[in-house]
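Structure record follows, encoded as structure tokens.
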Amino acid sequence: MNTTLKHWKEAATMILAAGQRRNADFVSSRAPLTASTGPEHRRGSNLPPSSLFDYDVLLLKRSGKSGFMPNAYVFPGGTVDSSDFSSDWLDIFRSFRHSPIFGLRKVKQPPETRPPIFATDRLKLGSPIPGEVALRICAVRETFEESGVLLVVPKREEKSLLKSFEDASASRHFGVSDLCSSELSKWRALVNQNPSNFIRMCRELEVLPNIWALHEWGNWLTPKGRYGATRFDTAFFICCLEEIPHTVQDEKEIEQFQWSTPSELLHSYRARELWLAPPQFYELSRMCRFPLLNDLHNFASQRGIEGCEQWLPVIIPHDKHLLSLLPGDRDYLQDPSGESALDETEDQDVQKDSRLHRMLISDSYSTTLQITITPKYNHLLPIILPASSQDSKSQF
């Protein structure tokens, strides 16, 4: 846990994709999204039809009383706790202590270009737990707290896990804990009361947080002055499950949960049925490149060792809209606090520069991606939706 940060709190988020199952429990947990079957879904969309997807993604609706992004639909996740970096994890992961970063695969990205949230030497901050491990522990813990989905593996499977690390090509979908619901509810309440109880739970139940199921995906930072005083430096991970697990909301920070395809969620956003925060909009647009879970899983597993880029959006007013500039855009300028201004220079070199990596935001429900750059670290370009009728009318 990095207490030296001046502007942000460290956090971790999990993009959770799971294969669809068509039984009664699944149907009851998957509320209909009317926009996905309406005219907008059938006309003028570059997105794959929802029927082509064989998986859904979990989004959680934040409470309207939340101080950060109230009513937004977000991926599960939250702020890093000091217990995520506790030395007590050394005993729980003792079989993996002699494996580099607890059996996680080494990222190819040079250390000097790694985002600080991953590159920071945690030993110098007093923790023997590597950042790549602690951030995954945080994502697993927060997902359990917020949705009841517990990603753990029994310690009795340690040997098979260690053996699988010897095969670099090994890749498989992961399941979730098979603990009884009453036991899960008891521990979930305890972890919500105190995050350090997650360590106690793992020790007493003889399970390990399944950090190996989480693949590095990205790093988003909260822009200045857009969502209140609280700002987060968030590591994004992705995890693919074979089927949708039992899910519950926490009745505190989360008002409801939603399992839907990326395509459905994006159409519902444009139909103003739900509000997606910009990172969710961008990442769901990326996921539309892979309608099949196995393809998404294989891509995430292989790409995860490439590394990622730190993205601090810079928000500026422009032509009655807002521009959210991202790294690589020709106008992207950044200082350490995230303040910037649009470069209005009209010289010939700027006019010839065609690099765009931005979001045009007309209002909270109207976002258009403008991208001409090639993604770094073998990542995906989002599928770009055509501008909606709302995009020409600024409501800011």
Side-chain angles (χ1 to χ4, degrees), residues 15 44-48 108-109 113 115 216-224 226 236 238 262-263 265-267 269-270 276-291 295-296 299-300 302-304 306-335 338-394 396:
I15 303 172
S45 174
N46 297 330
L47 300 178
K108 298 177 182 178
Q109 184 178 4
T113 65
E216 185 177 313
W217 188 259
N219 176 209
W220 287 82
L221 278 69
T222 310
K224 184 174 183 179
R226 182 70 176 142
F236 275 60
I238 190 167
S263 180
L265 292 163
L266 290 169
H267 281 301
Y269 165 72
R270 301 200 97 187
L276 296 173
Q280 276 68 23
F281 177 83
Y282 193 105
E283 300 302 355
L284 288 168
S285 299
R286 269 177 164 170
M287 295 175 74
C288 285
R289 294 284 179 187
F290 290 117
D295 293 342
L296 175 66
F299 171 80
Q302 294 167 16
R303 199 225 63 83
E306 299 294 332
C308 69
E309 189 176 19
Q310 183 190 71
W311 285 2
L312 170 58
V314 174
I315 311 295
I316 54 175
H318 182 64
D319 254 357
K320 297 183 179 180
H321 303 281
L322 292 179
L323 280 181
S324 177
L325 304 177
L326 295 169
D329 190 279
R330 66 190 181 200
D331 294 320
Y332 187 83
L333 301 171
Q334 174 196 331
D335 71 18
E339 295 184 84
S340 184
L342 182 63
D343 187 350
E344 301 279 2
T345 306
E346 297 293 335
D347 62 39
Q348 192 173 12
D349 290 338
V350 171
Q351 291 299 305
K352 290 180 179 179
D353 192 342
S354 61
R355 294 174 301 127
L356 297 179
H357 192 202
R358 58 181 64 182
M359 291 184 270
L360 176 67
I361 305 171
S362 300
D363 64 39
S364 296
Y365 295 89
S366 299
T367 300
T368 303
L369 295 169
Q370 299 177 343
I371 305 175
T372 61
I373 67 166
T374 300
K376 291 185 177 181
Y377 307 109
N378 290 334
H379 223 313
L380 288 170
L381 276 174
I383 287 182
I384 297 178
L385 281 71
S388 69
S389 58
Q390 292 290 333
D391 289 346
S392 61
K393 304 174 184 177
S394 174
F396 286 109

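Everything numeric here is computed off the predicted structure, so don't read it as measured data. Residues take their numbers from the sequence shown, with the count starting at 1.
Distance check, rounded to the nearest 0.5 Å: OG1 of T367 to CG of L276 gives 8.5 Å. We find the CG-CD1 distance between L325 and I315 to be 7.5 Å, quoted to the nearest 0.5 Å. Atom-to-atom distance recorded for D353:CG and D331:CG is 8.0 Å, nearest 0.5 angstrom. In this structure, N219 CG and F236 CZ are separated by 9.0 Å, a value rounded to the nearest 0.5 Å. From R355, atom CZ reaches atom OG1 of T372 across 8.5 Å, with rounding to the nearest 0.5 Å. Considering CD1 of I373 and CG of L381, their distance stands at 7.5 Å, rounded to 0.5 Å.
Considering every non-hydrogen atom in both S354 and R330, the closest pair reads CA-NH1, 4.2 Å. Across all non-hydrogen atoms, the minimal contact from P317 to L322 is CA-CD2, 3.9 Å. Shown here for Y269 and S364, the closest heavy-atom pair between the two residues is OH-O, 3.0 Å. Looking at every heavy atom in both residues, S362 comes nearest to H321 through OG-ND1, 3.2 Å. Listed here is the closest heavy atom pair of N378 and R303: O-CG, 3.2 Å. Here the closest heavy-atom approach between residue L266 and residue C288 is recorded as CD1-SG, 3.8 Å.
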Next item on the list: For I238 and L296, run side-chain contact (heavy atoms from CB on, under 4.5 Å): C-alpha distance rounded to whole Å, both residues' side-chain angles, the deciding distance at 0.1 Å, then the answer.
Entry: CA-CA 10 Å; I238 190 167; L296 175 66; 4.1 Å; yes

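Residues M359 and L326 meet the side-chain proximity criterion, which asks for heavy atoms closer than 4.5 Å. In this structure, M287 and I15 have side chains that are in contact, with non-hydrogen atoms separated by less than 4.5 Å. Here the side chains of P313 and W220 are in contact, with some heavy-atom distance below 4.5 Å.
Listed for the S263 side chain is a donor-acceptor partner under 3.5 Å among the backbone atoms of P48. Between the D363 side chain and the Y365 main chain, a donor and an acceptor come within less than 3.5 Å of each other. H357 contributes no side-chain N or O that, together with a main-chain N or O of T374, makes up a donor-acceptor pair within less than 3.5 Å.
The list of salt bridge (Lys or Arg N to Asp or Glu O under 4.0 Å) pairs with a residue in residues 306-318, not counting sequence neighbours, reads K108-E306, E309-K376.
The aromatic rings of F299 and F290 lie tilted to each other, with the angle between the two planes from 30° to 60°.
Under the side-chain contact (heavy atoms from CB on, under 4.5 Å) criterion, T113 pairs with Q109, P110, Y377, not counting sequence neighbours. In this structure, the side-chain contact (heavy atoms from CB on, under 4.5 Å) partners of P382, at least two apart in sequence or on a different chain, are Y282, S285, R286, L369, I371.
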